[in-house]
Amino acid sequence: MPRDWWKGVVVYQVYPRSFADSDGDGVGDIRGVIERLGHLERLGVDVLWLSPVYCSPQDDNGYDISDYRGIDPLFGTLEDVDELIARAHDAGIRLVMDLVVNHTSDEHAWFVDSRSSRDSEHRDWYWWRPPRKGHVGGEAGAEPNNWGSFFSGSAWEWDEATGEYYLHLFSRKQPDLVWSNPDVRAAVYAMMRWWLARGVDGFRMDVINLIDKPDGLPDGDKKLGDLWGQAFPLVSTGPRVHDYLQEMHGQVFADLGRPYLTVGEMPGVDAEQARLFTDPARREVDMVFQFEHVDLDKGPSGKFDIVPLTMAELRANLMRWQVELDDVGWNSLYWDNHDQPRAVSRFGDDDPVWRERSAKTLGTVLHTLRGTPYVYQGEELGMTNVPFSAPEDFRDIESVNYIREQTAAGVPFSDLLPGLRFRSRDNARTPVQWTAGEHAGFTRGEPWIPVTPNHEEINAEAQVGVEGSVFEHYRALVALRHEERAVSHGTVTPLAMDHPDLWAFGREHEGTRLLVLASFTREPVEVPPELLEGWEGAEAVVATSGDAAAGVLTHGVLPGWESVVLRSSGTLAE
Ligand code: NOJ
């Protein structure tokens, strides 16, 4: 198996809390994943990325880990994970675990010891700092710097007992680790080797480009309206991140002797940095999750400030990444995940008339680009955003803290609702819609977050094996990546980049040429004739419908929100 085996695969992300509940407690679990492995097999995916199942107080749904080698009873046992690894491997699916080591839980033994006294063994594993000079600890303005947490409020928590603050870029229950401390790094690498020895096949590394904090922890800039200074520009992709990842590679993967996959989640990374992180010669990570395309609709006041986004802007961004990583480096391709709204509601058209077509077309584009595609649970069914209406509808700490902070500052909830409806992470966290029945077949108990009402129309039972469904289209796209090296390894040629509604590009590998045409509008799109020159006898290898293929090949017209992948030896017009 080649070292870069992951170029020809598709990864499926399971957010276990919302995937399938086997024991009726309303929360998804590992046995639920085992029971539903057949769904992944049927889809044909090669790798399962499992979001955290480790012991955790669940302040951030498991991204706050209190024991890296233990499984939270909410999700099952270590034996269940062993069984999942074995069953997945039997089904030809590799298992990638989440690695959350920018921070631990405040209930992790390391932090419990760290906060126990100023000279405890683990004190310098976390960022402890005295109050700002001339201030009294615990009072407003006494924080060591002005950084805001990504989950609202200050990034510093006062600890009365030892008279210092500790840093938490996320919630106060997620203290940041000090990566410049070699003991921290050694402990993390040992834990990773332990999981690999158990049979896992790699890691998705949570916010891994935030692990290097700037010397002196300087104040961040404050924009008009900011309550706190911006920590992000200061902590994103510090120079030592590369050293740490190279060291990790040497200590954990270099001698593994079997295929593995590493993907670094890297908010704020640009294409130039991504090339460095993923250049195989540098031995850092195999691919990155970059955020540019999912930040395009973010306004100046932050994540819940939504600005309109055109297809042309989205396309310009993703196609630039295609070009910039064409010779060196590798990218992950994703429309959504557990932190992002549902793809069809955000980038497609979730009106019932267009929902299926646009969900399929989003799939067509993503799965024929260069990079490794990720499918987030339910995306393959065209699951949508949720019609939230009240503060009680939200579970996610980010949304809950934001509502609390803003309403305390006098902003009415009704002003917050549009942003939350569009972008709250809870949109992606409602249960997977397996059936039209009670609780969508997710649980026989009461789900921890209600199922989306549209599960009666949108569910796996209604789609698996049903020709023309979103699921079957995704299945065809996964198969295409396996069979067609022009998809997995070909070059990319952006086409018709000034067209407002047609997303078009070519792929080419060893004489095979593919032409991908996708409509991002309800109206029929006339394909510019020069794109189709020489493609008269082409074969439609995948299409959202027979009409789409026939429309393009006989009339040069693509019906609204449809897409087609043509194969021939035709030329690709610029
Ligand atoms: C990124 C994860 O994907 C997100 O869910 C989490 O809240 C933060 N990192 C903190 O771990």
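For ligands, and for the atoms within them, numbers begin at 1 and follow the listed sequence. This is a predicted model, so every value here is computed, not measured.
In the vicinity of Phe151, heavy-atom distances shorter than 4.0 Å reach the ligand 1 atoms 7 (O). Within the listing of ligand 1, atoms 1 (C), 3 (O) sit less than 4.0 angstrom from a heavy atom of Glu265. Close approach of ligand 1 to Asp339 is summarised as follows: ligand atoms under 4.0 Å from at least one heavy atom of the residue are 1 (C), 2 (C), 3 (O), 4 (C), 5 (O). With ligand atoms numbered from 1 in the order given, ligand 1 contributes 4 (C), 5 (O), 6 (C), 7 (O) to contacts under 4.0 Å with heavy atoms of Arg425. With ligand atoms numbered from 1 in the order given, ligand 1 contributes 5 (O) to contacts under 4.0 Å with heavy atoms of Arg429.
The aromatic ring centres of His122 and Phe111 sit 6.0 Å or more apart. In summary, the aromatic rings of His455 and Trp434 are positioned with their centroids too far apart to meet the 6.0 Å limit. Note: Trp110 and Tyr68 meet the aromatic proximity criterion, with ring centroids under 6.0 Å apart. A centroid separation of less than 6.0 Å is found between the aromatic rings of Phe347 and Trp335. In this structure, the ring of Phe289 has its center less than 6.0 angstrom from the ring center of Trp49. In this structure, the ring of Tyr474 has its center less than 6.0 angstrom from the ring center of His367. You'll find the ring centres of Tyr260 and Phe253 inside the 6.0 Å limit.
Of the protein's non-hydrogen atoms, Phe170 CE2, 3.7 Å is the one closest to atom 8 (C) of ligand 1. Given atom 7 (O) of ligand 1, the protein heavy atom at minimum distance is Asp60 OD2, 2.5 Å. With hydrogens left out, the protein atom closest to atom 2 (C) of ligand 1 is Asp206 OD1, 3.0 Å, a heavy atom.
Heavy atoms of Gln340 come nearer than 4.0 angstrom to ligand 1 in no pair at all. Using a 4.0 angstrom heavy-atom cutoff, His103 counts as in contact with ligand 1.
Counting heavy atoms closer than 4.0 Å to ligand 1, residue Arg204 contributes side-chain atoms (C-beta onward) but none from N, CA, C or O.
Between the side chain of Arg421 and the backbone N or O of Asn385, no donor-acceptor pair lies under 3.5 Å.
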